Amino acid sequence: MSQSPETCAGHATISTGAFPHVHGIFQNTWYDPQRNPNDVIPCTDDESATPVLYSGKGKADGPGRLLVPSFADEMRTQKSSRVVTLALKARSAIMLAGHGGDAVTWMNDDMDGWQTAKTYSSAPLPSIKAWLDQHPVDADFGKTWTRLLPATAYTEVDDGEAEAPLKGWSSTFPHVLKGDSDKPDKLFHDKWQHSPYADAYVGNMAAALVEQFQLGKHGSTDVLAVSFSSPDLVGHQFGPDSQEVRDMYAALDRTVGELLTRLDTLVGRGQYTVALSADHGVTPIPEQLRRKGRSAGRLSAGAVRTTIEKAAAAALGDGQYVARVNTNDIYFRPGVYEALSQKRGALAGVIDAIVKMDGMDRVLRKEEIAGPEAAASPDPIVRAAALSYVPARSGQLILVTRPGWMFSNDGTTHGSANPDDQRVPVLFYGKGIKPGLYRDAATPADVTPTLAAIVGITMPRAEGHTLTAALARK
């Protein structure tokens, strides 16, 4: 897995079978002073991608920064497959699709409508437009999210310490889907995405698109890729040890079951293969970890920047040296890293100052993690950082935080190389799969090579391996 497990990187790894150092998507955002010296660049920021709107507003999101073909791309090229992907998040739908597709759809940043891009379709597709018009998200306005399971199924407390519910919600059930007014607004749409209703909507939409595009019915294997984003959103607010997250997965289990039942009808029972994984894990809420006696806490990008500036000034004199602190990546202003490297003890002094901060484990220099030797290192942290290092995009220093420590002001998050954030399931089901529980080492990068082996295509840029133990004999 990567050094910074995040949504965009995880989806790109699953879809390409490569790690970030090859596919180029190592975080959700990164710093590019040539493109935007004042802010970070989103992973789907694509000047060549003209928005195509079904409703609401949109922006130029596309696959331009993904450096290698996805599984869907190779299926289109080698099998003339139809490709349908969808998600609430642009970075999920786009990274699963790759550089083309028949129906690639996501909800815009304002959460008030759906869009695609001319990369995938020159105009709104009438069948999708009709379905969206017939099934407005606003129909869920005023509904209440209550527990799905019996009370005895929830072993967690319903008012966990340091949970961060959205405005208008408390830390306890029920959660009403309303906004600041008596009609749907941005707050309502935000709450909707943070509820099981959003996953159910995406599942229903996926089944409708399978039927509309006749996937699996035209003599070749087609691709449906769906990302269910709401568990991630709810996890950020309530943490993984909450009743809300348990309920989200109970509801998602039902949604996935209903989608599989529809596939049995539309494609044929036993006539399709399912791969299931996750883009990342999550760390429990730090305050809850501390109550259990574990070391945990919250880190501040501003504090890290101040620490570096002070240490750099001690070596080079007064000035401004840091361009950006972006999650685990430190970007220096032009020439600063070289100056620190050339002056005896200067860079070591900066690194030492960072490591002394609460919650820091170590700091890796770019020279330590560039190249094939680092990517094969027996040190799992060095290896993870190397597999995530993209020379033209990554920072000059990479922060390694201690387990339980995070860059988050409230709730919780992910993005570290610690097991909580890295460990995810890999599951296969259906045609070509031999039932069983396998203990072989596996990563999300193995999903695509395994699917490629089943359908008979090649993935030239994939780094994962085929999970042959799980394949049925032909």
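Given the structure is predicted, the values throughout are model-derived calculations rather than measurements.
Considering every non-hydrogen atom in both Gly101 and Val104, the closest pair reads CA-CG2, 4.1 Å. Of all heavy-atom pairs spanning Ser230 and Ser195, the tightest one is OG-O, 3.5 Å. The nearest pair of heavy atoms linking Val267 to Lys217 is O-NZ, 3.9 Å. Heavy atoms only, all atoms of each residue included: Leu88 and Trp114 are closest at CD2-CH2, 4.0 Å. When every heavy atom of Pro20 is checked against every heavy atom of Ser388, the shortest pair comes out as CB-CA, 3.8 Å. The two residues Met95 and Cys43 have their closest heavy-atom pair at CE-O, 4.1 Å.
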Show the numbers, then the answer: is there a side chain to side chain contact (heavy atoms under 4.5 Å, CB included) between Lys178 and Phe188? CA-CA 5 Å; Lys178 288 187 176 180; Phe188 156 72; 5.8 Å; no

One pair to check against side chain to side chain contact (heavy atoms under 4.5 Å, CB included): Thr458 and Glu74. What are the steps and the verdict? CA-CA 8 Å; Thr458 58; Glu74 295 292 356; 5.5 Å; no

Lys431 and Tyr272: CA distance, side-chain angles, deciding distance, side chain to side chain contact (heavy atoms under 4.5 Å, CB included) verdict: CA-CA 5 Å; Lys431 187 174 183 179; Tyr272 58 90; over 6 Å; no

Determine, stepwise, if the pair Arg246 / Thr155 fulfils side-chain hydrogen bond (donor to acceptor under 3.5 Å, both in side chains). CA-CA 9 Å; Arg246 181 179 291 273; Thr155 58; 3.3 Å; yes

Under the salt bridge (charged side-chain N to carboxylate O under 4.0 Å, His left out) criterion, do Lys59 and Asp61 qualify, and how do the steps go? CA-CA 6 Å; Lys59 68 182 186 69; Asp61 285 312; 2.8 Å; yes

Hey, mind stepping through Asp199 and Thr255 against side-chain hydrogen bond (donor to acceptor under 3.5 Å, both in side chains) and telling me if it holds? CA-CA 7 Å; Asp199 281 345; Thr255 292; over 6 Å; no

For side-chain hydrogen bond (donor to acceptor under 3.5 Å, both in side chains), just list the numbers for Thr172 and Ser170, CA-CA rounded to whole Å, side-chain angles, deciding distance to a tenth of an Å, and then say yes or no. CA-CA 5 Å; Thr172 61; Ser170 71; 3.1 Å; yes

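Donor-acceptor pairing under 3.5 Å is recorded for the side chains of Asp73 and Ser70. One side chain, His236 or His414, offers a donor N or O that lies under 3.5 Å from an acceptor on the other. At a cut-off of 3.5 Å, with distance as the only test, no side-chain donor of His189 or Asp110 sits close to an acceptor on the other residue. Side-chain polar atoms of Asn36 and Tyr31 form no donor-acceptor pair below 3.5 angstrom.
No donor-acceptor distance shorter than 3.5 angstrom exists from the side chain of Asp446 to the backbone of Gly464, with no hydrogens or angles considered. Thr16 contributes a side-chain N or O that, together with a main-chain N or O of Ala12, makes up a donor-acceptor pair within less than 3.5 Å. Judged by distance alone, with hydrogens and angles left aside, the side-chain atoms of Ser4 form no donor-acceptor pair with the main-chain N or O of Ser416 at under 3.5 Å. Of the possible polar contacts, none joining the Thr146 side chain to the Pro174 backbone as a donor-acceptor pair under 3.5 Å is found. Remark: side-chain polar atoms of Ser394 are not paired, donor with acceptor, to backbone N or O of Tyr389 under 3.5 angstrom. The main-chain N or O of Met75 is found under 3.5 Å from a side-chain atom of Ser81 such that the two form a donor-acceptor pair. Side-chain atoms of Ser121 come within 3.5 Å of backbone N or O of Ala123 as a donor-acceptor pair. Side chain of Asp222 to backbone of Arg82: a donor-acceptor contact under 3.5 angstrom is found. Remark: side-chain polar atoms of Thr443 are paired, donor with acceptor, to backbone N or O of Ala445 under 3.5 angstrom.
Close placement of the Tyr201 and Trp131 rings is indicated, their centers lying within 6.0 Å of each other. The aromatic ring centroids of Trp145 and Tyr197 lie 6.0 Å or more from each other.
A distance of 5.5 Å separates CD of Gln193 from CE of Met111, quoted to the nearest 0.5 Å. Interatomic distance, Lys89 NZ to Phe228 CZ, rounded to the nearest 0.5 Å: 14.0 Å. To the nearest 0.5 Å, the span separating CG on Leu67 from NE2 on His21 amounts to 11.5 Å. Distance check: Ile94 CD1 to His99 NE2 gives 10.5 Å after rounding to the nearest 0.5 Å. Between Glu163 atom CD and Glu287 atom CD the span is 11.0 Å, to the nearest 0.5 Å. Rounding to the nearest 0.5 Å places OG1 of Thr116 at 11.0 Å from CG of Leu86.
We find that Asp180 and Lys167 are joined by a salt bridge, their nearest charged nitrogen and carboxylate oxygen being less than 4.0 Å apart. Between Arg91 and Glu6 no salt bridge is recorded (no basic side-chain N to carboxylate O distance below 4.0 Å). Here Asp190 does not pair with Lys186 in a salt bridge; the nearest charged N to carboxylate O distance is not below 4.0 Å. Ion pairing of Asp264 with Arg269 is present here, as a side-chain N (NZ or NE/NH1/NH2) and a carboxylate O approach within less than 4.0 Å. Salt bridge annotation for Asp185-Lys183: absent, with no cationic side-chain nitrogen under 4.0 angstrom from a carboxylate oxygen.
Looking only at side-chain heavy atoms (C-beta outward), Asn204 and His135 stay at 4.5 Å or farther from each other. The closest side-chain heavy-atom distance from Thr105 to Gln115 is not below 4.5 Å. The closest side-chain heavy-atom distance from Leu224 to Val226 is below 4.5 Å. Put simply, the side chain of Arg65 reaches to within 4.5 Å of the side chain of Arg393, judged on heavy atoms. Residues Thr401 and Phe407 form a side-chain contact, since some pair of their non-hydrogen atoms from C-beta on lies under 4.5 Å apart. Looking at heavy atoms from C-beta onward, Lys79 lies out of side-chain contact with Thr221 at the 4.5 angstrom threshold. Inter-residue side-chain proximity for Arg76 and Phe71 is flagged as unmet; no heavy-atom pair is nearer than 4.5 Å. Looking at heavy atoms from C-beta onward, Gln237 lies out of side-chain contact with Pro165 at the 4.5 angstrom threshold.
By the 30° and 60° cut-offs, the orientation of the rings of Phe238 relative to His175 is tilted.
When the options Asp329, Asp32, Asp39 are evaluated for a salt bridge (charged side-chain N to carboxylate O under 4.0 Å, His left out) with Arg324, the one that passes is Asp39. Applying the side chain to side chain donor-acceptor pair (under 3.5 Å) test between Gln27 and each of Asn326, Thr7, Asn328 identifies Asn326 as the sole match. Checked options Leu266, Leu259, Val84; the residue passing with Val210 is Leu266 (criterion: side chain to side chain contact (heavy atoms under 4.5 Å, CB included)).
Residue-environment remark: CZ (Arg35) exceeds the threshold of 12 foreign heavy atoms within 6.0 Å. Within a 6.0 Å radius of CG in Asn409, other residues, nucleotides and ligands contribute 12 heavy atoms or fewer. By the 6.0 Å contact criterion, CZ on Arg298 is enclosed, its count of non-hydrogen atoms from other residues, nucleotides or ligands being greater than 12.
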